[in-house]
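Order of the sequence lines fixes the chain letters, A, B, ..., with proteins taken first and strands second; residue numbering starts at 1 for each chain.
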Amino acid sequence: MKIKKTERAKIPATEKAAQYNFYTDVWSVAKKIPRGRVTSYGAIANYLGAKSSARLVGWALNMSHGTGEKVPAHRVVNRNGMLSGKMHFGTPTLMEELLLKEKTIVKENKVVDFEKKFWDPGKELSL
DNA sequence: GCATTGACGAAGG
DNA sequence: CCCTTCGCCAATG
């Protein structure tokens with residue numbers, strides 16, 4: 001999906017989540033992450049045009065809780081490959097286990113071979 | 001309505 | 001090269 005980056009970053013957040021394109025976009029991108037692959041908040045933010053607002057991606061994923069949206073947030077880690085959001089999965093080990101099921105090895109709260117498993121949303125069409 | 005924080009990241013020391 | 005600080009933008013107190 002092609003998005004006007006500059007516009008995406010200027011979307012107000014005072015509206016309902018359903019209207020908040022940024023959130024829905026983040027979820028959409030997250031859902032596109034191939035199984036066994038991972039990406040970073042910054043990569044998604046950059047893809048949405050809010051590169052300097054990687055934190056918003058974290059908020060967006062956090063908002064996905066209770067929305068019924070099945071967002072594979074466990075495939076999203078920080079730029080260092082660390083499972084910075086593992087504590088938000090109900091149990092501190094749930095994120096690791098979900099990744100492990102996808103053959104993504106986690107060691108010391110970090111994704112092993114993160115660079116190899118890294119998936120850039122901007123290259124989804126370049127597969 | 002102002003101040004603080006947060007699932008981040010880049011830059012500076 | 002590791003640690004600290006600042007910037008981003010929205011949510012929460």
Under 4.0 Å protein heavy-atom contact, by nucleotide of nucleotides 6-13 of chain B - B base, S sugar-phosphate only: BBBSS---
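- When the ring-ring contact (aromatic ring centres under 6.0 Å, His included) test is applied to Phe114(A), the partners found at least two apart in sequence or on another chain are Phe118(A).
- Distance check: Phe22(A) CZ to Leu56(A) CG gives 4.5 Å after rounding to the nearest 0.5 Å.
- Sorted by first then second residue, the side chain to side chain donor-acceptor pair (under 3.5 Å) pairs that include residues 48-58 of chain A, not counting sequence neighbours, number zero.
- Remark: Ala45(A) pairs with Ala54(A), Val57(A) by the side-chain contact (heavy atoms from CB on, under 4.5 Å) rule, at least two apart or across chains.
- To the nearest 0.5 Å, atom CG of residue Leu99(A) and atom CZ of residue Arg35(A) are 10.5 Å apart.
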In a table with atom names and distances, give each donor-acceptor pair under 3.5 Å that connects a side chain of residues 101-112 of chain A to protein atoms at least two apart or in another chain.
| unit_1 | atom_1 | unit_2 | atom_2 | d |
| --- | --- | --- | --- | --- |
| Glu102(A) | OE1 | Arg75(A) | NE | 2.9 |
| Glu102(A) | OE2 | His74(A) | NE2 | 3.0 |
| Glu102(A) | OE2 | Arg75(A) | NE | 3.0 |
| Glu102(A) | OE2 | Arg75(A) | NH2 | 2.7 |
| Asn109(A) | OD1 | Lys86(A) | NZ | 2.9 |
| Lys110(A) | NZ | Glu108(A) | O | 3.1 |

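- With sequence neighbours left out, the side-chain contact (heavy atoms from CB on, under 4.5 Å) criterion links Asn80(A) to Asn78(A), Met82(A).
- Under the salt bridge (charged side-chain N to carboxylate O under 4.0 Å, His left out) criterion, Lys31(A) pairs with Glu69(A), not counting sequence neighbours.
- Within residues 99-110 of chain A, no residue has a heavy atom under 4.0 Å from DNA chain B.
- Between the P atom of dC8(C) and the CZ atom of Phe22(A) lies a distance of 15 Å, rounded to the nearest Å.
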